[in-house]
Amino acid sequence: KQKKKNSQPAVSQDASMFAKPTNLINIMKGSAVPGPKASLSDVIAHEQNKQVIFKLVFTSIMMMTLPFAVYFVSVTALGRLYPLLEDNYIQTVSGLASIGMILIIMVGYVIAALMESD
């Protein structure tokens, strides 16, 4: 006689909820969390992921633009306000200002991540 094969995979009770296929309509309504086999569009369509992706893209854009802008604005401003300062000093202060802007952006991102609900 052949043994009857179990149709359920050998997974723990906690992991079995991720093994079930998810419905795209339920994901879009926010009632289901995409599992590990969900497609990229399913993951992006989930409401909580939309907020996280927006924050990540917004912060990435700020990280790529604001430090450069702060550096060039401070080089120009210090050069015009204090024409007797050496170029090395102006560039050093401008570099420190752009590093400060990076720190401000990172702290803001961490605070925003800590304030969101689980």
Side-chain angles (χ1 to χ4, degrees):
K1 292 182 177 180
Q2 289 183 347
K3 289 184 179 180
K4 198 175 196 182
K5 290 186 178 180
N6 190 359
S7 62
Q8 292 289 342
V11 293
S12 68
Q13 194 69 313
D14 294 334
S16 66
M17 69 179 193
F18 295 112
K20 296 178 184 175
T22 56
N23 187 354
L24 181 59
I25 295 171
N26 290 337
I27 291 172
M28 293 177 72
K29 290 179 182 176
S31 63
V33 177
K37 293 190 178 193
S39 68
L40 181 61
S41 61
D42 294 343
V43 173
I44 292 173
H46 194 264
E47 186 60 36
Q48 185 177 4
N49 291 343
K50 284 182 184 179
Q51 295 171 0
V52 172
I53 290 170
F54 174 77
K55 289 177 190 175
L56 182 64
V57 168
F58 184 71
T59 304
S60 298
I61 291 170
M62 288 193 329
M63 287 287 284
M64 294 302 293
T65 57
L66 287 180
F68 290 113
V70 167
Y71 177 79
F72 288 114
V73 166
S74 60
V75 164
T76 304
L78 286 174
R80 289 185 181 174
L81 292 175
Y82 305 104
L84 299 177
L85 292 177
E86 295 180 19
D87 286 339
N88 291 338
Y89 180 77
I90 291 173
Q91 291 175 355
T92 302
V93 171
S94 300
L96 291 174
S98 65
I99 290 171
M101 178 54 66
I102 291 171
L103 290 174
I104 290 170
I105 294 168
M106 290 175 64
V107 167
Y109 184 74
V110 169
I111 289 173
L114 291 175
M115 288 177 51
E116 67 185 29
S117 62
D118 291 334

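Keep in mind it's a predicted model, so treat the numbers as computed, not measured.
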Identify each donor-acceptor pair in which a side-chain atom of residues 84-93 lies under 3.5 Å from a protein atom, sequence neighbours left out, and give them as a table.
residue: T92; atom: OG1; partner: N88; partner atom: O; Å: 2.7

Filter on salt bridge (charged side-chain N to carboxylate O under 4.0 Å, His left out), then keep only pairs touching residues 106-115, sequence neighbours left out; what's left? none
Is L56 isolated, or which residues cluster with it under the ILVMFWY side-chain rule of less than 4.5 Å, directly or via members? Y109
Summary of salt bridge (charged side-chain N to carboxylate O under 4.0 Å, His left out) pairs that have at least one residue in residues 60-78, sequence neighbours excluded: none
Same hydrophobic cluster for M64 and F72, using side-chain heavy-atom links shorter than 4.5 Å among ILVMFWY? no
Can you name the residues that form a side chain to side chain contact (heavy atoms under 4.5 Å, CB included) with I111, not counting sequence neighbours? V107, M115
Other than I102, which residues form its hydrophobic cluster under the rule that side-chain heavy atoms must be closer than 4.5 Å? F58, M62, M63, L66, V70, M101, I105, M106
Show me the pairs that pass side chain to side chain donor-acceptor pair (under 3.5 Å) and involve residues 65-82, at least two apart or across chains. S74-S94
For K55, enumerate each residue passing the side-chain hydrogen bond (donor to acceptor under 3.5 Å, both in side chains) test, keeping only those at least two apart in sequence or located in another chain. E116
